[in-house]
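One-based numbering, in listed order, for ligands and for the atoms of each.
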Amino acid sequence: MIEKINKLIEEVEQFKAENIEQLEKFRIKILGSKGSLKELFQDFKTVGAETKKEVGQAINTLKVKAEEKVAFYKNHFENNLSSSSYNHIDLTLPSGNTPVGSMHPISLIRNEIADIFGRIGYVIAEGPEIEDDWHNFTALNFPPNHPARDMQDTFFIEKEIALRTHTSSVQVRIMETTPPPIRIIMPGRVYRNEAISARAHCFFHQVEGLYIAEKVSFADLKQTLLYFAKEMFGENTNIRLRPSYFPFTEPSAEMDVSCPFCKGSGCNICKGSGWVEILGCGMVDPNVLENCNINSDQYSGFAFGMGIERITMLKYQINDLRLFSENDIRFLEQFKSVLL
Ligand code: DAH
């Protein structure tokens, strides 16, 4: 009997399964309810006392080895490691769709604005979101008690430190450190202490523009902005400049574009006027140049500032500012196909 068991142990040790069917056959043959082990246990009852111990141990070894073998191959096949399953992979099949993300609409439009100005030589500059009074207000010609400071409801961190209320602060930082000519755009996030609604938010994004050189005129400003408007909203877009006031520019203006939806004939987006306002601009006030140690007799320049949300809302017909910061996947997914 011991010979028979040893033969079976050898068989188990040498067994190799190529697929799950072979393994199952092997399992039934050795461990099954009518298998070799069952038979051996039956015969074991008749074994004489003198060999009982030896035979018992041998049967046990056979059982352990057979179970280990089955467990090993089971695991092997379940983890798809069998060589036969490799053979069934068809390498010529096209792959499944890879899920792609989407760019946030604010990023899309920011990149587009940067691109448009990049084509006429503007480079990007950035500055801190936590700003001091000098760069956000004082250097920009807001006197200490000037009513214009009230135009900005500000989040203060300390007495003279606040979250910047506009990207105009970056103008100052660049002019302080860079000799003209300067031709930059400055995208970034800004903060104002406003109640959140469809039309106002406590944070949003702006792009500031600045051109400082010798003999820069208002005509240069107008032509630059006309070029921008046509690139952004289409070749047939018109612009108009209305006189306005900002402490850091003189003269100052606000720019409207002909309504991109009704092309100027009047609709509910432009409230029937045919025009929509998109930015503030003007000639940099000589006081601002002097505050930044730029000689205002030699140099002049223009600046402009626009809200990215506003332009994005016009481009994509979005009617609620809150959508930009809620991260609703149903909103964001709609920008999947926009490649910029
Ligand atoms: N800083 C202004 C704002 O936040 C926008 C602005 C207006 C920027 C006129 C400028 C400018 O550079 O010349 O409303």
### Task
Would you kindly specify which portion of Phe248 sits under 4.0 Å from ligand 1, judged on non-hydrogen atoms: side chain, backbone, both or neither?
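Looking at Phe248 and ligand 1, just side chain atoms fall under 4.0 Å.
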#### Entry: ligand 1 contact on Met255 by region, counting heavy-atom pairs under 4.0 Å
neither
### Task
Run down the list Met283, Glu208, Glu254, Arg192 and name the one with the heavy atom closest to atom 4 (O) of ligand 1.
Arg192
### Task
Heavy atoms only: give me the nearest Phe335-Tyr316 pair and the separation to one decimal.
CE2-CD1, 3.6 Å
### Message
Before we go on, tell me: are the rings of Tyr191 and Phe155 under 6.0 Å apart, centre to centre?
### Response
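When the ring centroids of Tyr191 and Phe155 are compared, they turn out to be at least 6.0 Å apart.
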### Query
How about Phe117 and Phe228: are their ring centroids closer than 6.0 Å?
yes
Proximal ligand 1 atoms for [X], defined as those under 4.0 Å from one of its heavy atoms:
X: Gly280; value: 7 (C), 9 (C), 11 (C)
X: Gln171; value: 12 (O)
X: Gly282; value: 13 (O)
X: Ser168; value: 1 (N), 8 (C)
X: Ala303; value: 12 (O), 13 (O)
X: Thr249; value: 13 (O)

### Query
After noting the C-alpha distance and the side-chain angles of Lys7 and Glu10, does the key distance pass the salt bridge (charged side-chain N to carboxylate O under 4.0 Å, His left out) rule?
CA-CA 5 Å; Lys7 251 180 114 181; Glu10 205 177 309; over 6 Å; no
### Query
Does atom NZ of Lys52 have more than 12 heavy-atom neighbours, drawn from other residues, nucleotides or ligands, at distances under 6.0 Å?
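More than 12 within 6.0 Å, yes.
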### Message
Check whether Arg164 reaches the backbone of His135 with its side chain - one donor and one acceptor, N or O, closer than 3.5 Å.
### Response
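Here the side-chain-to-backbone pair does not exist.
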#### Entry: Residue pair Glu309 / His201, side-chain donor-acceptor N/O under 3.5 Å
no
